[in-house]
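Everything on this sheet refers to the single structure shown next.
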Amino acid sequence: GPFDSASTSDREVLGIPRAGDPSVRIFDSPPTTEDGLSIVILAVSDPARSRDFYAAVLGCTVRVDAGVFVQLALPGGPDLGLYARPGFAVNTGRPAAPIPAGHTSAAELYVAVAGALDDAVDRAITAGATVLSAAQDRAWGDRVAYLADPDGHVLALAQPLRTSGA
């Protein structure tokens, strides 16, 4: 499982459940019959804060909330995992470096918005996002706003400029 490499002292400090503990379900992904992306996991400083941010902005539902790890169901896509940096580091064997102020992550979550884009941007700002680039028409055919979540991960909120058949 995701916490199997943690020592007993790591588990106690990080609040990581023991392998096989039936009271905690860490991942809750449906079984699959084909290869594919099932979950994107971000290292965050505060999983509860990140859970509240993404729930407010994207309307995600919580599949799992184990304190150190939160898994959200994203409408129309893979799940989003929010993993406390120390727990993330237990799995990879390397520290998950925080994103310095004034910088962003080197990856982005590019999310299609079905409702009003400006409303989604407003929700993100209210929830704690920083605007990196205001919504504007992009050369590839989408109107996109780029924001940073409270940890500095890039969140692109996008809508197609044209609808099919137009």
Side-chain angles (χ1 to χ4, degrees), residues 1-30 37-132 145-158:
F3 304 117
D4 290 346
S5 63
S7 70
T8 300
S9 61
D10 286 340
R11 288 177 192 284
E12 291 167 2
V13 170
L14 299 173
I16 298 172
R18 294 195 175 280
D21 181 346
S23 67
V24 178
R25 175 90 173 124
I26 301 302
F27 289 109
D28 186 24
S29 298
L37 182 62
S38 63
I39 185 168
V40 173
I41 300 174
L42 302 176
V44 298
S45 59
D46 182 346
R49 178 187 68 185
S50 295
R51 174 202 62 217
D52 294 346
F53 174 82
Y54 283 102
V57 176
L58 303 177
C60 307
T61 58
V62 177
R63 283 190 194 269
V64 174
D65 191 337
V68 69
F69 177 81
V70 174
Q71 184 175 340
L72 302 171
L74 291 174
D79 284 359
L80 178 62
L82 307 165
Y83 209 158
R85 288 183 191 286
F88 191 94
V90 167
N91 286 349
T92 62
R94 296 183 182 185
I99 300 164
H103 292 79
T104 66
S105 61
E108 67 185 57
L109 297 176
Y110 195 92
V111 179
V113 175
L117 182 59
D118 290 341
D119 290 348
V121 171
D122 289 345
R123 284 193 310 273
I125 293 167
T126 299
T130 302
V131 176
L132 301 173
Y146 286 90
L147 305 111
D149 76 4
D151 281 287
H153 298 289
V154 177
L155 174 62
L157 299 176

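What's counted below: heavy atoms across the whole structure, side chains too, no hydrogens, waters or symmetry copies. Along the sequence shown, the residues carry numbers beginning at 1.
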Self-check item: Residue pair Val68 / Pro47: nearest heavy atoms and the distance that separates them
Solution: O-CG, 3.6 Å
Practice problem: Write down the atom of Ala43, the atom of His153, and the distance for their closest heavy-atom approach. | Solution: O-NE2, 2.9 Å
Find the distance between [atom1] ([X]) and [atom2] ([Y]) and round it off to the nearest 0.5 Å.
X	Y	atom1	atom2	value
Asp151	Asp46	CG	CG	8.0 Å
Tyr83	Ile39	OH	CD1	10.5 Å
Ile125	Thr130	CD1	OG1	9.0 Å
Tyr54	Asp149	OH	CG	3.5 Å
Asp79	Arg63	CG	CZ	4.0 Å
Gln71	Leu82	CD	CG	9.5 Å

Practice problem: Run the numbers on Leu157 and Leu58 for side chain to side chain contact (heavy atoms under 4.5 Å, CB included), then give the verdict. | Solution: CA-CA 10 Å; Leu157 299 176; Leu58 303 177; 4.0 Å; yes
Quiz item: Are Leu72 and Arg51 close enough, and set up right, to give a side chain to side chain contact (heavy atoms under 4.5 Å, CB included), and what steps lead you there?
Solution: CA-CA 8 Å; Leu72 302 171; Arg51 174 202 62 217; 4.1 Å; yes
Which donor-acceptor pairs under 3.5 Å do side chains of residues 95-111 form with protein atoms, sequence neighbours excluded?
{"residue": "His103", "atom": "ND1", "partner": "Ala101", "partner atom": "O", "Å": "3.3"}
{"residue": "Ser105", "atom": "OG", "partner": "Ala107", "partner atom": "O", "Å": "2.8"}
{"residue": "Ser105", "atom": "OG", "partner": "Val154", "partner atom": "N", "Å": "3.3"}
{"residue": "Tyr110", "atom": "OH", "partner": "Trp140", "partner atom": "NE1", "Å": "2.8"}
{"residue": "Tyr110", "atom": "OH", "partner": "Asp142", "partner atom": "OD2", "Å": "2.7"}

With a 3.5 Å cut-off and sequence neighbours excluded, list the donor-acceptor pairs that the side chains of residues 113-124 form with protein atoms.
{"residue": "Arg123", "atom": "NE", "partner": "Ala56", "partner atom": "O", "Å": "3.4"}
{"residue": "Arg123", "atom": "NE", "partner": "Val57", "partner atom": "O", "Å": "3.4"}
{"residue": "Arg123", "atom": "NH2", "partner": "Val57", "partner atom": "O", "Å": "3.2"}

Quiz prompt | Side-chain touch Leu155/Phe53, heavy atoms, less than 4.5 angstrom | solution = yes
